[in-house]
Every structure is written in structure tokens, then in C-alpha cells.
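Being a predicted model, the structure only gives us computed values, none of them experimental.
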Amino acid sequence: MILIVLWDEFLSSSDVFSPQAGHPTRIILKLCNARSFNEGLAAVRASKGWGYINQAGQCAIAPHFSAADSFSEGLAAVKRDGKSGFLNQTGKLVI
């Protein structure tokens, strides 16, 4: 069985999609606004803003940026509250 989920919010590891108990379900996420994976993370837009997911589809950095670019050399350019900066892969603003 394949379940297609329209991505609006980040899914946590505790989210369970099991329409029929006992049957395996494969989840395909359709991201409306997303960037390519770079260095293991991809910027995605949810209703709360831009954030980052890992390759398992789990939230890696919470969505609260007005803009977010892909990672390069360990950093990604982001904007929040009209200010720009660079984020490391742990979600910390470093520049």
C-alpha cells in the first residue's frame, strides 16, 4: 500500500500512518516548496516558514525562517525577521 501525503507540516518520528493495521505502508511526501538535498539536508517550506528535513523525511531544523537556501560547505543562508545570516547543520546561526 502506498500513502501519498501532501506536506504541510513536518512529520515527527512518532507520526504513524497505518490505514490498515498489519499492512506495511510506504509514505511518499510531496513537497510543494522544497530545495534539493545538499549535505544530507533539504530546505522545505511549511505553513510556519522554511526549515530543513533530513533524508528520512524528519524535521532536522524547525520551520521558522522567511527564506532558506541549500547547505554548502556546512552552512546555509537564511532570513528571519528581516535579517540575514548563515546557519550550521545543527540549526545554530553562526554568522
Side-chain angles (χ1 to χ4, degrees):
M1 172 179 278
I2 297 175
L3 176 65
I4 297 177
V5 178
L6 182 59
W7 189 274
D8 183 46
E9 293 296 330
F10 288 111
L11 300 176
S12 70
S13 58
S14 63
D15 288 328
V16 177
F17 294 91
S18 182
Q20 296 177 353
H23 297 287
T25 301
R26 195 170 112 203
I27 299 173
I28 299 173
L29 299 176
K30 295 175 98 178
L31 302 172
C32 294
N33 293 303
R35 308 222 186 284
S36 299
F37 279 95
N38 265 10
E39 300 181 14
L41 297 175
V44 295
R45 178 143 174 71
S47 61
K48 296 178 183 177
W50 285 89
Y52 293 85
I53 60 170
N54 61 24
Q55 292 177 332
Q58 299 168 324
C59 178
I61 300 171
H64 56 268
F65 300 100
S66 58
D69 286 331
S70 297
F71 276 89
S72 177
E73 298 182 26
L75 299 175
V78 294
K79 284 187 180 182
R80 183 175 181 193
D81 300 327
K83 297 178 182 178
S84 298
F86 287 88
L87 192 69
N88 68 17
Q89 293 182 339
T90 66
K92 181 179 178 184
L93 285 170
V94 293
I95 298 175

Open item on the list: Using every non-hydrogen atom in the two residues, find where Pro63 and Gly49 come nearest and quote the distance to one decimal.
Closed with: CB-O, 3.4 Å
TODO: Report the distance from atom CG of Asn54 to atom CD of Gln58, rounding to the nearest 0.5 Å.
DONE: 5.0 Å
Task: Closest non-hydrogen atom pair, Phe65 against Arg80 - done: CD2-CB, 4.1 Å
Task: Spatial distance of atom CD1 (Ile95) from atom OG (Ser84) [nearest 0.5 Å] - done: 12.0 Å
TODO: Mind listing the closest non-hydrogen atom pair of Leu41 and Ala60 along with its distance?
DONE: CD2-CB, 3.5 Å
Open item on the list: More than 12 heavy atoms of other residues, nucleotides or ligands under 6.0 Å from CZ of Phe86: yes or no?
Closed with: no
Task: Atom of Tyr52, atom of Leu87 and distance for their closest heavy-atom approach - done: CE1-CD2, 3.7 Å
Task: Closest contact, heavy atoms only, Phe71 versus Ile61 - done: CZ-CD1, 4.1 Å
TODO: Output yes when a side-chain donor or acceptor of Asn88 lies under 3.5 Å from a complementary backbone atom of Thr90, and no otherwise.
DONE: yes
Task: Side-chain heavy atoms of Leu93 within contact of Val78, under 4.5 Å - done: yes
Open item on the list: To the nearest 0.5 Å, what is the distance between CG on Leu75 and CD on Glu39?
Closed with: 8.5 Å
Open item on the list: Using the side-chain contact (heavy atoms from CB on, under 4.5 Å) criterion, which residues pair with Ser36? Sequence neighbours excluded.
Closed with: none
Open item on the list: Give me the atom names and distance for the closest heavy-atom approach of Trp50 to Ala68.
Closed with: CB-CB, 3.7 Å
- [ ] Sorted by first residue and then second, give each side chain to side chain donor-acceptor pair (under 3.5 Å) pair with at least one member in residues 67-76; sequence neighbours left out.
- [x] none
